[in-house]
Colleague: 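First, the structure itself, so that you have it in front of you.
Quantities reported herein were computed from a predicted structural model and do not represent experimental measurements. Values below: every heavy atom of this structure, side chains too, minus hydrogens, waters and symmetry copies.
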Amino acid sequence: GDSMDPTIPDGSWVLIREQPDVENNEIAAVLVNGDTEVTLKRVKKHGDSILLMPDNPSHNPIIINDENPAKIIGKAVRYTRDL
């Protein structure tokens with residue numbers, strides 16, 4: 001999707017380095033919605049909560065906490081697009 005536009009354009013292939021955590025403000029692949037979906041978002045850590053922030057302002061952040069758990073799969077390290 002376009003939630004990470006313009007940083008990562010829609011239709012890009014993203015290389016993910018598997019790791020259980022990322023630094024604040026890094027882009028990560030995150031397992032959400034009861035482990036049924038994966039999303040690519042910027043991770044913002046705030047106390048006991050994590051915000052999964054899209055770079056595209058037309059999308060809303062996802063709040064991760066005890067009531068809405070998630071699991072970081074890994075860090076986005078590169079993207080490419082087919083012509």
Side-chain angles (χ1 to χ4, degrees):
D2 67 349
S3 69
M4 291 306 291
D5 262 349
T7 308
I8 301 173
D10 187 16
S12 298
W13 292 89
V14 180
L15 180 65
I16 303 295
R17 180 176 54 225
E18 188 176 355
Q19 59 187 69
D21 198 11
V22 295
E23 296 295 320
N24 199 37
N25 209 35
E26 290 184 322
I27 298 172
V30 183
L31 195 57
V32 295
N33 292 334
D35 297 346
T36 61
E37 290 180 53
V38 174
T39 188
L40 192 66
K41 297 287 185 286
R42 196 170 295 279
V43 175
K44 302 273 187 164
K45 299 175 181 182
H46 292 281
D48 292 339
S49 295
I50 293 175
L51 293 177
L52 301 180
M53 300 294 297
D55 282 359
N56 184 336
S58 68
H59 291 267
N60 294 322
I62 300 169
I63 300 170
I64 302 302
N65 54 30
D66 289 338
E67 291 79 42
N68 188 31
K71 178 183 177 187
I72 293 174
I73 296 170
K75 177 182 173 178
V77 294
R78 175 173 290 147
Y79 80 88
T80 187
R81 284 185 60 111
D82 288 337
L83 297 177

Colleague: I need the full list of salt bridge (charged side-chain N to carboxylate O under 4.0 Å, His left out) pairs touching residues 58-69, with sequence neighbours left out, sorted by first then second residue.
Modeller: none
Colleague: For N56, give me all partners under side chain to side chain donor-acceptor pair (under 3.5 Å), at least two apart in sequence or on another chain.
Modeller: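 With neighbours one apart ignored, the set is S58.
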Colleague: Once rounded to the nearest 0.5 Å, what's the spacing between atom CG of D10 and atom CG of D5?
Modeller: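 The distance works out to 6.5 Å.
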Colleague: Are more than 12 heavy atoms, taken from residues, nucleotides or ligands other than R81, located less than 6.0 Å from that residue's CZ atom?
Modeller: yes
Colleague: For I73, what are the other residues in its hydrophobic cluster, where any two members join if their side-chain heavy atoms are less than 4.5 angstrom apart?
Modeller: L31, V38
Colleague: Name all residues meeting the side chain to side chain donor-acceptor pair (under 3.5 Å) criterion together with T7; count only those two or more places apart in sequence or in a different chain, and write none if there are none.
Modeller: D55
Colleague: Going by side-chain contact (heavy atoms from CB on, under 4.5 Å), name the residues that satisfy it together with V77, two or more places apart in sequence or in a different chain.
Modeller: L15, R17, K75
Colleague: For P6 and P9, work out which heavy atoms get closest and say how close.
Modeller: O-CD, 4.2 Å
Colleague: Kindly write out the residues that satisfy salt bridge (charged side-chain N to carboxylate O under 4.0 Å, His left out) with D21, not counting sequence neighbours, or none if the list is empty.
Modeller: K45
Colleague: If the condition is side chain to side chain donor-acceptor pair (under 3.5 Å), which residues does D2 pass it with, not counting sequence neighbours?
Modeller: H59
Colleague: What pairs with K44 under side-chain contact (heavy atoms from CB on, under 4.5 Å), at least two apart in sequence or on another chain?
Modeller: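 K44 satisfies side-chain contact (heavy atoms from CB on, under 4.5 Å) with N24, N25, R42, H46, L51, M53 once adjacent residues are dropped.
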Colleague: Which ILVMFWY residues can you reach from M4 by hopping between side chains whose heavy atoms are under 4.5 Å apart?
Modeller: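 Other cluster members: I8, V14, I16, I27, L40, Y79.
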Colleague: Using a 4.5 Å cut-off between side-chain heavy atoms of Ile, Leu, Val, Met, Phe, Trp and Tyr, which other residues end up in the same hydrophobic cluster as V43?
Modeller: V22, V30, V32, I50, L52, I62, I64, I72
Colleague: At their closest point, which heavy atom of P54 faces which heavy atom of P61, and how far apart are they?
Modeller: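 For P54 and P61, the tightest heavy-atom pair comes out as CD-CA, 3.8 Å.
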Colleague: Kindly write out the residues that satisfy side-chain contact (heavy atoms from CB on, under 4.5 Å) with N33, not counting sequence neighbours, or none if the list is empty.
Modeller: T36, E37
